[in-house]
Visitor: 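I'd like to ask some things about the structure below.
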Amino acid sequence: MTAKNPDGIPSSQNPVSQQPGNSKPAEQLEGIAIRFAGDSGDGMQLTGTRFSDETALAGNDLSTFPDFPAEIRAPAGTMAGVSGFQIHFSSIDIHTPADQPDVLIAFNPAALRANVDDVRPMGMVIVNIDSFNQKSLTRAGYGDDPLPELRERFQVVEVPFTTLNRAALQGLDLSQREIDRCKNFFALGVLCWLYGRPMDATERWLGGKFKGDVLEGNIRTLRAGHAFGETTEIFPASFVIPAAKIAPGTYRNITGNQALAWGIVAAGVQMERNVFLGAYPITPASDVLHEVARYRHFGVKTFQAEDEMAAVSSTIGAAFAGQLAVTVSSGPGFVLKQEALGLAVMVELPLVAINVQRAGPSTGSPTKTEQGDLLAVLFGRHSESPIPIIAPCTPGDCFHAALEAFRMAVKYMTPVIVLSDGYLANSSEPWLIPEVDSLARNPVKHAHPADIGEFQPYARDPETLARPWAIPGTKGLEHRIGGLTKEDKTGNVIYDADNHGKMNALRKAKIEGIAKDYAPIEIDGPPEGEILVIGWGGTLGAITAAVESVREEGLSVSRIHLRHLNPFPSDLGDILGRFEKVLLPELSDGHLALLLRAKYLVDVRSLTKTEGQPFKIAELTEAIHELHASEN
Amino acid sequence: MTAKNPDGIPSSQNPVSQQPGNSKPAEQLEGIAIRFAGDSGDGMQLTGTRFSDETALAGNDLSTFPDFPAEIRAPAGTMAGVSGFQIHFSSIDIHTPADQPDVLIAFNPAALRANVDDVRPMGMVIVNIDSFNQKSLTRAGYGDDPLPELRERFQVVEVPFTTLNRAALQGLDLSQREIDRCKNFFALGVLCWLYGRPMDATERWLGGKFKGDVLEGNIRTLRAGHAFGETTEIFPASFVIPAAKIAPGTYRNITGNQALAWGIVAAGVQMERNVFLGAYPITPASDVLHEVARYRHFGVKTFQAEDEMAAVSSTIGAAFAGQLAVTVSSGPGFVLKQEALGLAVMVELPLVAINVQRAGPSTGSPTKTEQGDLLAVLFGRHSESPIPIIAPCTPGDCFHAALEAFRMAVKYMTPVIVLSDGYLANSSEPWLIPEVDSLARNPVKHAHPADIGEFQPYARDPETLARPWAIPGTKGLEHRIGGLTKEDKTGNVIYDADNHGKMNALRKAKIEGIAKDYAPIEIDGPPEGEILVIGWGGTLGAITAAVESVREEGLSVSRIHLRHLNPFPSDLGDILGRFEKVLLPELSDGHLALLLRAKYLVDVRSLTKTEGQPFKIAELTEAIHELHASEN
Amino acid sequence: MAADPALKMTRKEFVSDQDVRWCPGCGDYSILANVQRVMPELGVPRENVVFVSGIGCSSRFPYYMNTYGFHTIHGRAPAFATGIKASRPELSVWIVTGDGDGLSIGGNHLLHTIRRNINTQILLFNNQIYGLTKGQYSPTSKVGIKTKSTPQGSIDHPVDPIAFAIGCGATFIARTIDVDAKHMQNILKRAHEHKGTAFVEILQNCPVFNDGIWEDVQDRKSRAKASLVLEHGQPLVYGPAENRQGIVFKDGIPSVIDLAEDDDPIERGVVVHDEHPEASSYAGVLATLQRPDFPLPVGVFRAVEKPTYEAMLQDQVDSATAERGVGDLSALLHSGDTWRI
Amino acid sequence: MAADPALKMTRKEFVSDQDVRWCPGCGDYSILANVQRVMPELGVPRENVVFVSGIGCSSRFPYYMNTYGFHTIHGRAPAFATGIKASRPELSVWIVTGDGDGLSIGGNHLLHTIRRNINTQILLFNNQIYGLTKGQYSPTSKVGIKTKSTPQGSIDHPVDPIAFAIGCGATFIARTIDVDAKHMQNILKRAHEHKGTAFVEILQNCPVFNDGIWEDVQDRKSRAKASLVLEHGQPLVYGPAENRQGIVFKDGIPSVIDLAEDDDPIERGVVVHDEHPEASSYAGVLATLQRPDFPLPVGVFRAVEKPTYEAMLQDQVDSATAERGVGDLSALLHSGDTWRI
Ligand SMILES: Cc1ncc(C[n+]2csc(CCOP(=O)(O)OP(=O)(O)O)c2C)c(N)n1
Ligand SMILES: Cc1ncc(C[n+]2csc(CCOP(=O)(O)OP(=O)(O)O)c2C)c(N)n1
Ligand code: SF4
Ligand code: SF4
Ligand SMILES: [Mg+2]
Ligand SMILES: [Mg+2]
């Protein structure tokens, strides 16, 4: 996010020297946000992803936000089928995909109608004018041609993408349908010219994906688009967005789901144990299964179960068998796993359960984001069954969260929940690739008869209160576990009241003890003062941008972001007490706020939003201003 | 509970005139608590229930507490197989089964060992001396004969129940095993003599249950036991517990599960709609299914589903079809229903979901009680899916809770949760049978085309915000519902952000609006002051007794008991603010306390217990004293 | 379902006002069209028809039917339908499910609904893939299929929906094909006529994630050889006229014999199709006929009568009422031991 | 499972120190005794054996075995076992479940575990009742049974575990009886030898809630007439020597014929039992043999070889490793497009 402009409006538009190999003047911009929008079948997600990768290679900081419908491919040309992809890139540090795009590329009237009101005033709106006819206008729900009116509010640029693409691909042995499918690459070419993106990565990528005339067609139209940008009079100038100054190192683009998957694979390597992932597909979590399934050569086994009960049960079974076990799902599926997770608490086995949250209730809006599952994952099991919760806050952070979750699970012999969300899952950002040597190595150690006198499955490590992880195949440690109340130490079945109370207390103490391992909370801003803004999970970018923005307006605002939602860090209460006002923006009805209020009796103000969409920076700055102005 | 003696120690033991038809002196007692204990196969639950019914007929106030193992019939003579039943009865108002029994009847050494430490000092311990031999002592885990030592601490009475029973039944055409099975009725006869209980109800009951020599045998041994009490020197006197002064009316004994079942049947009658109950058996909820299944002639249909997902789904289906639909379960089963309940929230259909809580986590101690599911039933669905919660507080109150739940569900078109527990489920108390005419009649009204212009499945009643209940079979109201985010009014599938937020807000407002219907909270004690004790659910008796007890010691303590756990009553915050200190005892880790702290930012002190057992009055009085003595 | 043949209805009346949101070319379109075409012929008024579905592309079906409809949650549609039908036996309840919805997460409900013989129609759209979640293999996918979740190929042996339904004790079992309008309409009518659970597998093409999986039985040219059309009382003969083949059973194991042009199949021992044997084993043998060794049977495998769940339940209500009179609440509350104070 | 026949073990070594907590006379006792007796003969060291169960009286089983054991949650044992076996193929994994645990709430996992052919032994104790929750009818209970939840009698048509297993594509299916020690031990050994899911129904008496349900096949006197002992290669003949009867199949439908004392059953067309036909339809016909019209078959219905899930999964790991080398984390993190700053 450009710091001074929470709305994503580029702050400097001075023409500078021409881009290399470019015959038109180029203006320098600090940053820009572009949204691609078209039919589900128009390849918008692909176009967006390619443009992101090129932008990353150009050295900009960036943030993306894909937003697509739940249908695979709703009827062409309808509002229901519109798929969007927004990318924000800049020469300075940015935190979000931007509230309002500066540029919209709309492939048809429905895409225009669904998105144009988000574009900043006088922003650029590029339309595929070939798709504007009475029929498609009607399908989109437009009565009249909207362009005349829009020309008042935006710089409307009309490009006949379909025609130009067809012209470019004449002579190839492709059907009309195949030809038309390439038009998104023509548009990509235009944009690459406009914003000075290199295209070789895309050409390489196309080479790996297609062959023959399809490959030829895509490359030809990409180049044709680039040439069109340079040649035509429609765009008087192109733009330069200089590379951002970011920490040195090797970077890549990564989405949250990919990072989770890689974190899972990495845990196996770093902890020297095989990984078992049991999952049932569900949007937006399925990609973690898909990605992990590609790495059998890491000794990783994935199991697509028949349902979520089987997914989690197989995972607990694998944990019993000594694997680094993990299951992944989204809200509706996670909820179905709660009964079994209660058993995992009782038998104190290590495993990781990931919930990539989506917008509900019920089936809700499966491809939209929300943070509404915190209380469900924390409390959704019957009776007292505490489980630690880790919430990653950026796509790349998902990698580290997965690694940490496994370490915690094994050290404390407990299930651990990782709480991601649809926004983190699908968004991408440049990610500083960690050096493998810098990652902690924690080889798993199982209980072994040689280390133990009389084996007691529920004897506890005095430090961590963890019980031993004794796995089948180990001679002398044969034992039985299960969900009935267990006797302290022996683990035998028993109904004694005192013992039942004691075991509840032990499990609680064990989980609370985990907070000892946390690093102190980092406070961004003064350690005490008027306003503290707290966040958790995928809202980090928006909150950071908003806080930076109001600070530049002179407000004294501090910020912390909680990664550990259970147990809470032990310094949290102290920090809360040092501020006059505390604001907690959440994409839910205020789950963390409820927990903090209950625990610390602090009047945490909750800023809630349950619209299936991330926070806009402006929503947050406004709330901070309001809080600042408020009496107490 | 005798008011002055929280420990259940009878306060007056003055000999009074003899009981009618009794040749020995009879002492008058205010109240007494007796525990029956034996093997699971010894018929303790039955003996206890019979004794309770007779006690009720004798006009005493009473409270019972059955406590049995999870195994059907664990190996005879082991601690694991011990089954107990406690009854407390009195000539004055009592609230609990008493902390400590005055009398223990132990049918074998294991029953003695498992229970004797609970008996009040110098209480009476009656043992079946026939069962005391080396083998059974060893099975029970006794090294030496425990009786000599116990004689120091208790009045030990040794009765050869087995021998006496065999003697009584000589000549009948019964096997030895059948004869021995009758011995509990011999013991019952003894106790009936001892406490002046009439036996005709039991004889009637036996007559309805058995025939031939089995009937003859049971009656004969019952009478023999009575005669034995009167004849033998072992009991120097019998006791009289005069009838209690309680409100006039017709009474019966009722358990919480029976009351729930009858409440369900009553809802069908009062609301003039057929009832559908879909359930999967689980302890301690199954009896609700069993009981409701007996009333098909009320037009009630029960469906034993294949699992909890099917149970709740069939219930929602029946609600869609226009039935008074209800599902019942306990913690582990309830949790499995949460995904479907999320759908019920989205489609806004009326149904009742009952959770009879048990001690966990996981399978835990299925026959023991706890209140640990409050947060799970409140928050256990993904995303925002608010559902009202009603918690009955006595066995008889379960009847009214069920009725209220249906009324609320239909009025507001929402699922409603009834949160009972294992203690309420199995305990019994005398219940003032309500006059049917005094129960509200709320005939169900479905949407009808005549009442409506253009039908909109999500149009709302301006008052309640309820949507119309339009059921299949109604011409002109054909419509489709489902779990995807719905458009306001039309109910069409839509992914629009504003609409999604609006629907969340509407659902929330609808549920919060229910509080308008509540009666004001009744405060027992001064409306403001030093200490307020809050309770919910089945702890009412113990809390009431404890508060009465400390008040008599001069403390100013007020008490409220919450029946509505979501939404909270609107006068609750105000009441909380009027007391210096607030104590909240819960059989959990403090679920309601967490909610009250978060909502009202009041420093509610939580008294927690998670041992699978109800509160003892002494635990509560101690906590109140401590709070009173505490600085702030 | 109070069927009223006098009722005159049109296909259009069963078309809802919602835009149909499947991919172009999806087999679901033709299934929808056929269902909408058959409905008016069944004589059930629109308001007495309920479509219930789970989650999946296929499960969007109810939105497009201008009847009562309930798009529920993943896998549980049969259980919702059970609640509807058990409590309101007069309604005509149709279940639409997919191979993932019905046989993966929903397998248990399919089993129990079928064995209880709830009088509903279960239409299972089998495209051997999870469409809605973008292409993972399903329980009916072939071993070796490469999908998003099986980059090295699937290793699960698939379950056959028909064989599964037989194992569950289904009283009506049929298979039809998305593109064969006439056949499907006939099967839909038969399913509706059947009293008890009518289980219908519909072979459906998913052009996006699993294109062409049923090509040999869909294609008019290959169909004669690739499929065996079951007709009650007719021998199990298939193939082009000049090259007929027949199915014979030996000790419960089927095999194929070639038939000369003038052979009498029955004389040659070819089995004569019988929908009605009480023992499900005959249909069980048919179910083992699978491509490529055998033709794939389409049509009604089995149709036998057994009391339905909802009828027996209603009987219990009626007989209890007849025996004990309509329930009297006050009497209930005062039953057993009571006492007056 | 690394079976080592040289290993000398005793029954006692498999007895845990826990008190057995079933009701007196429960059929579970004899099943436990037989399992404990067979274990030492299988040659699998104790530490490589895992017993996994769900919830129910039967599911208490693992506590009494001095091996690794996991008493899980209701209905899910096969899924737990899948996780164990898929990740550690060298372990010998036994599943103990009941008719309620396995076929009611757990039906879906049974289906999928069986079709995947995970190499485990599934012992389903069928007492046609829910024991642990004190006597409700189960999915195998007969129509009309009066239980706590069905005071007017049950109206659900029961599912037959063997028929269900066939519908799921089971590779090994057997039935045995709690009181028949020798038969059971033999079946347990066969189940263990089988590579793939071995599904074994054990008829079990619950004297407390459903006494005598299997009496005719349990009782030594009635057994010969009431049951048909399946033996590979032997004709389907049963009954006392003087009154033998045989089973014939016609078009997939079984029927009974009387055999004269000197009849050759095979000549009379009596079917010869074959455990190995690839088509499951033969076993499907056997599964329809039910009391009272037929004798109840006990023994091995079906035993065929198919690749197991865990072996194929391990193959994918091995072949991926062979092709791509052992995974290199740093290489993974740097794969695709990266850039240096
Ligand atoms: C509890 C739950 N788990 C997972 C999902 C995700 N999900 C939705 S549809 C589906 C599979 C659908 O496959 P199928 O039934 O074959 O339908 P198709 O799309 O192929 O028609 C899955 C896994 C979900 N919605 N809910
Ligand atoms: C989720 C859940 N639902 C219900 C139960 C209650 N429950 C425990 S065992 C059981 C049935 C057991 O029947 P079966 O498997 O036949 O075992 P049996 O006791 O007859 O051996 C039920 C319903 C439970 N423990 N968990
Ligand atoms: S993904 Fe496949 S099944 Fe789903 S709508 Fe598209 S073509 Fe049809
Ligand atoms: S209830 Fe039945 S199955 Fe359970 S232990 Fe007792 S006899 Fe066995
Ligand atoms: Mg499918
Ligand atoms: Mg059973």
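Just the heavy atoms: all of them, side chains too, but no hydrogens, waters or symmetry mates, feed the values below. A quick note: this is a predicted structure, and the numbers were derived from the prediction, not measured. Within every chain, numbering begins at 1; the chains are lettered A, B, ... in the order of the sequence lines, protein sequences first and strands thereafter.
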Visitor: Select, from B:A497, B:G380, B:A593, the one with the greatest count of heavy-atom pairs under 4.5 Å involving chain A.
Guide: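 Of B:A497, B:G380, B:A593, B:A497 has the most heavy-atom pairs under 4.5 Å with chain A.
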Visitor: Chain A: which of B:G482, B:P361, B:S588, B:G360 shares the most heavy-atom pairs with it under 4.5 Å?
Guide: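 Winner by heavy-atom pair count: B:P361.
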Visitor: Is the closest side-chain donor-acceptor distance between A:H382 and B:E370 under 3.5 Å?
Guide: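 Distance-only check fails for A:H382 and B:E370.
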Visitor: Hey, could you give me the CD1/OG distance between B:I282 and B:S329, rounded to the nearest 0.5 Å?
Guide: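 That separation rounds to 4.5 Å.
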Visitor: Non-hydrogen atoms of chain B under 4.5 Å away: do they reach the side chain of A:V602, the backbone, both or neither?
Guide: backbone
Visitor: Taking atom types as modelled, is there a side-chain donor on A:S40 or A:S83 under 3.5 Å from an acceptor on the other?
Guide: no
Visitor: Would you please go through residues 336-343 of chain A and name the residues with a non-hydrogen atom below 4.5 Å from one of chain B, in numerical order?
Guide: A:L336, A:Q338, A:E339, A:G342, A:L343
Visitor: Between B:R35 and B:D67, is there a side-chain N and carboxylate O pair less than 4.0 Å apart?
Guide: no
Visitor: Let me know if A:Y495 has heavy atoms under 4.5 Å from chain B in its side chain, its backbone, both or neither.
Guide: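 Both parts, heavy atoms under 4.5 Å.
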Visitor: Please determine, among B:V347, B:L594, B:D589, the option with the most heavy-atom pairs under 4.5 Å with chain A.
Guide: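 Heavy-atom pair counts peak at B:D589.
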Visitor: Before accepting this row, confirm whether a basic side-chain N of the pair A:K508/A:E384 lies closer than 4.0 Å to the acidic partner's carboxylate O.
Guide: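 Between A:E384 and A:K508 there is no salt bridge, as every charged N stays at least 4.0 Å from the carboxylate O atoms.
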Visitor: Do A:D118 and A:Q100 come within less than 4.5 Å of each other through their side chains, counting heavy atoms only?
Guide: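 No; the side chains remain at least 4.5 Å from each other.
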Visitor: Have A:N499 and A:D488 got a donor and an acceptor in their side chains that come within less than 3.5 Å?
Guide: no
Visitor: Quick one: what part of A:M503 sits under 4.5 Å from any heavy atom of chain B, side chain, backbone, both or neither?
Guide: neither
Visitor: Do A:K510 and A:E348 meet the salt-bridge criterion of a basic N to acidic O distance under 4.0 Å?
Guide: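 Yes.
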Visitor: At a 4.5 Å cut-off on heavy atoms, which part of A:R358 comes close to chain B: side chain, backbone, both, or neither?
Guide: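 Contact with chain B involves the backbone of A:R358 alone.
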